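Quick note: residue numbers are just sequence positions, from 1. Just so you know, these numbers come straight off a predicted model, no measurement behind them.
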Amino acid sequence: MIHAFPCGTLPLDFVGTLRARRRAAPTEKLATPDQLDAWFVEAGMLDAAPGADETDLAIAMDLRESIYSLVVARLDGEPLPPRAVAEVNKHAAGLPVTLRLHTDGATRTGSVAQGLAALARETVEIIGGDEAALLRECARPECTQVYLDRSRGHRREWCAMRTCGNRVKAATYRARQHSGAAS
């Protein structure tokens, strides 16, 4: 697997394909059409690579940034950017992924546009619904991953405990040990 899915919410995991957004040079996890294909398969949205090309990649990145703009607006309590709303709505109106039942199971097939339509529809549900109040950004300063805080008490701090949570806790522990040794 080349992609991570810490959020449990595909549109937010999709936003996370541009890692460490605040850095001068963020890490792009969708640098090629093949990486976009891999994302759809690894996410479980499609059973086979949709065969993305450079145009599909540019469209996907545009949608990703529109979703991120909407999330940031919700996080900041700002009005939703009209361009991002229009972009997400345009994709949400697209055809769904094709599901087919077979005697030995089911398959999910589709194009990049169909995969993006599914992401856009789920974004509409999140941003336009009650779950928007659960949007959070990871508390690790280097991470910009966003997630829905569905924890009891809504006090989750990190996109994923096994990565960011462990890093923050380990750094805090080292700092305590260092300051204790300096005393």
Side-chain angles (χ1 to χ4, degrees), residues 1-75 80-102 104-128 131 135 137-138 140 142-148 159-160 162-164:
M1 254 175 101
I2 61 173
H3 297 288
F5 301 88
C7 300
T9 307
L10 290 178
L12 301 180
D13 284 325
F14 189 64
V15 164
T17 59
L18 183 62
R19 302 250 172 88
R21 288 172 176 271
R22 289 195 246 338
R23 288 188 183 165
T27 304
E28 177 60 71
K29 300 303 278 185
L30 296 179
T32 67
D34 287 342
Q35 288 175 336
L36 178 60
D37 280 346
W39 191 91
F40 282 118
V41 173
E42 290 173 21
M45 292 183 71
L46 300 171
D47 294 329
D53 61 20
E54 290 294 333
T55 300
D56 293 326
L57 181 61
I59 291 167
M61 292 171 95
D62 227 21
L63 177 61
R64 178 188 67 192
E65 295 312 304
S66 292
I67 295 169
Y68 183 69
S69 295
L70 296 172
V71 167
V72 168
R74 279 289 186 243
L75 286 170
L80 298 177
R83 184 200 168 286
V85 169
E87 183 74 11
V88 167
N89 284 338
K90 176 182 77 174
H91 286 283
L95 293 173
V97 168
T98 303
L99 298 172
R100 295 210 190 277
L101 183 62
H102 306 279
D104 58 343
T107 57
R108 290 178 178 88
T109 59
S111 64
V112 170
Q114 288 170 290
L116 295 177
L119 291 171
R121 280 192 288 280
E122 192 172 345
T123 299
V124 169
E125 290 176 9
I126 292 168
I127 299 296
E131 286 189 314
L135 284 165
E137 185 175 54
C138 185
R140 187 169 70 93
E142 300 81 29
C143 184
T144 54
Q145 184 70 53
V146 289
Y147 59 91
L148 293 174
C159 60
R162 66 179 166 20
T163 53
C164 289

Undergrad: For residues Cys138 and Tyr147, report the shortest heavy-atom separation together with the two atoms involved.
TA: N-CE2, 3.7 Å

Undergrad: Any chance you could measure Ile127, atom CD1, to Ser69, atom OG, to the nearest 0.5 Å?
TA: 10.5 Å

Undergrad: If you compare all heavy atoms of Arg108 against all heavy atoms of Leu99, which two are closest, and at what distance to 0.1 Å?
TA: CG-CD2, 3.1 Å

Undergrad: Indicate the atoms forming the closest heavy-atom contact of Gly115 with Met45, along with that distance.
TA: O-CE, 3.2 Å

Undergrad: Rounded to the nearest 0.5 Å, what separation is found between the CG atom of Leu75 and the OH atom of Tyr68?
TA: 8.0 Å

Undergrad: Can you see which heavy atom on Val97 is nearest to which on Thr109, and at what distance?
TA: CG1-O, 3.3 Å

Undergrad: I need the minimum non-hydrogen distance between Pro11 and Ile67, along with the two atoms involved.
TA: O-CG2, 4.3 Å

Undergrad: Rounded to the nearest 0.5 Å, what separation is found between the CD atom of Gln35 and the CD atom of Glu28?
TA: 8.0 Å

Undergrad: Quick one: CZ on Arg19 to NZ on Lys29, what's the gap to the nearest 0.5 Å?
TA: 5.0 Å

Undergrad: Would you check if the side chain of Gln145 reaches a backbone N or O of Leu12 as a donor-acceptor pair within less than 3.5 Å?
TA: yes

Undergrad: Any donor and acceptor pair, going by atom type alone, linking the side chain of Glu42 with main-chain N or O of His3 inside 3.5 Å?
TA: yes

Undergrad: His102 vs Thr107, test: side-chain contact (heavy atoms from CB on, under 4.5 Å). Steps then yes/no.
TA: CA-CA 8 Å; His102 306 279; Thr107 57; 3.0 Å; yes

Undergrad: For Arg23, I'd like to know if atom CZ has over 12 heavy atoms of other residues, nucleotides or ligands within 6.0 Å.
TA: no

Undergrad: Working note: Trp39 + Ile2, criterion side-chain contact (heavy atoms from CB on, under 4.5 Å); need CA distance, chi angles, decisive distance, verdict.
TA: CA-CA 8 Å; Trp39 191 91; Ile2 61 173; over 6 Å; no

Undergrad: Which heavy-atom pair separates Pro96 from Gln114 by the least distance, and what is that distance?
TA: O-NE2, 2.7 Å

Undergrad: Could you tell me which residues satisfy side-chain hydrogen bond (donor to acceptor under 3.5 Å, both in side chains) with Thr17, sequence neighbours excluded, listed by chain and number?
TA: Arg64

Undergrad: Roughly how far, to the nearest 0.5 Å, is CD1 of Ile126 from CZ of Arg74?
TA: 12.0 Å

Undergrad: Out of curiosity, Glu131 CD to Leu148 CG, how far, rounded to the nearest 0.5 Å?
TA: 5.0 Å

Undergrad: Please list, one pair per line, the donor and acceptor atoms closer than 3.5 Å that link side chains of residues 50-63 to other protein atoms, with sequence neighbours excluded.
TA:
unit_1	atom_1	unit_2	atom_2	d
Asp53	OD1	Thr55	N	3.1
Asp53	OD1	Asp56	N	2.8
Asp56	OD2	Asp53	N	3.1
Asp62	OD1	Arg83	NH2	3.4
Asp62	OD2	Arg83	NH2	3.1

Undergrad: Among Leu70, Val85, Asn89, exactly one meets side chain to side chain contact (heavy atoms under 4.5 Å, CB included) together with Val124. Which residue is that?
TA: Asn89

Undergrad: As a quick check of understanding, evaluate side-chain contact (heavy atoms from CB on, under 4.5 Å) for Val112 and Leu116, giving each step before the final call.
TA: CA-CA 6 Å; Val112 170; Leu116 295 177; 3.8 Å; yes

Undergrad: Please report the C-alpha distance between Phe40 and Leu10 in whole Å, then the side-chain angles of each, then the deciding distance to 0.1 Å, and finally whether the side-chain contact (heavy atoms from CB on, under 4.5 Å) criterion is met.
TA: CA-CA 10 Å; Phe40 282 118; Leu10 290 178; over 6 Å; no

Undergrad: Below 4.5 Å, heavy atoms only, C-beta onward: do Arg21 and Val15 meet side chain to side chain?
TA: yes

